[in-house]
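As structure tokens, the structure follows; a few thoughts come after it.
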Amino acid sequence: MNVPLADLKAQYLSIKPEIDAAIQNVIENTQFILGKAVSDFEQEFAKAHQTKHCIAVGSGTDALHAALWAIGIGKGDAVVTTPFTFIATVEAISLTGAQPLFVDIEPKTYTMDPNKLEDLLKTPQGKSVKAILPIHLYGQPVAMDLIQQITQKYGVKIIEDAAQSHIAKYDGKYVGNFGEAACFSFYPGKNLGAYGEAGGIITNNDELAVKLRRLRDHGQSEKYKHQFWGHNYRMDGIQGAVLGVKLRYLNLWTSKRREIAAKYKQQFDGISDLVVPFESPKAFHVYHQFVLRTKKRAAFQQYLTEKGIATALHYPIPIHFQEAYLHLDYKPGDFPVSEACAEECISIPVHPEMTDEQIEYVISNVRSFY
Ligand SMILES: Cc1ncc(COP(=O)(O)O)c(C=O)c1O
């Protein structure tokens, strides 16, 4: 049996008539860039997170860059994030001209460690920190109550990287309600994925929303009137149409992910050497990935591959070890939890299209390896 990490074909077939009609509609209307399909999606996506605004953009990377730019981050500033992420989080900081600074993750949630954040903000280097970029990694929301207490104390802004955490919640509040803005990726394999590149920013700040709408369209306030210079971060009409259809299924698909995760956890809990994902009582984890931690990762991965079960490593090299970021001058040992996770974490299939047979097959093979 083969079990892929995602099954976008099966997902498409399950909603084909609606998707085809929505795409056809964009083609008929020739609203290929922004347009009604995108603005309708923006309204629904903001509503889904109980936020006031959504600004649809071209990718998650665009969303992060635009959000940092819009809150005034630039040369001479520093922005704190964690090195255990996809590089786009850190690139967005670099693109503004600001300096990325790292703090380590918590060993349980793999997200920003609030104590490490405070330790950094207390130092002289911490004085240049204008914003932080906590990452709701794998669908697990960051402990935002603790993070907010610290950012309020030090006068630092928050932009949430929610690329992997559509409709995740912490303390009963949706992601996107803890800082200035939250940034999403709608890369095809995400919990809510487009049929190409797409991203979005949500915010409750009216002024910021206006600024972001202009920034995404070359700083235009009206046609050919440029209040400031921006960029082209616009979303395609077809992506808005696809996302609008798929958003209607997001609650259902998220429940399916959570059900599979609960089954896995029940079956794997207690296997020594296998750390299952932690979900704090305050968190509503949306399981973009189901990530196990094991000291036998290479053998475990090979075993599952031989059985036809796809796996992935998110992420095998922490950003401070990437050639692109060696100039930050961090050393091995600076972020021990991130470094250990990069060696021990492995993602196994968790997606709403999994059949009961596939779920049972993954469970029995993981158990038989151990
Ligand atoms: C944590 C995180 N941030 C940012 C991004 C960038 O999103 P995109 O690929 O849509 O530009 C990703 C994409 O995988 C991500 O996982």
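Position 1 is the first residue of the sequence; numbering continues from there. Note that ligands are numbered from 1 as they come in the structure, with each ligand's atoms numbered from 1 the same way.
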R213 vs E42, test: salt bridge (charged side-chain N to carboxylate O under 4.0 Å, His left out). Steps then yes/no.
CA-CA 12 Å; R213 276 188 202 292; E42 288 179 328; 3.3 Å; yes
Does the ring centre of F278 sit less than 6.0 Å away from the ring centre of Y110?
no
Check ion pair E343-R297 (N to O, under 4.0 angstrom):
no
Less than 4.0 Å from some atom of ligand 1, heavy atoms are found in residues S59, G60, T61, L64, T85, F86, A88, T89, I135, D161, A163, Q164, S185, K190, Y315
Pairs meeting criterion side chain to side chain donor-acceptor pair (under 3.5 Å) with involvement of residues 259-269, two or more places apart
K265-Y287
Apply ring pair (Phe, Tyr, Trp, His ring centres under 6.0 Å) to Y154 and list each qualifying residue two or more places apart in sequence or on a separate chain.
none
Taking ring pair (Phe, Tyr, Trp, His ring centres under 6.0 Å) as the test, write out the residues that go with H320, two or more places apart.
F335
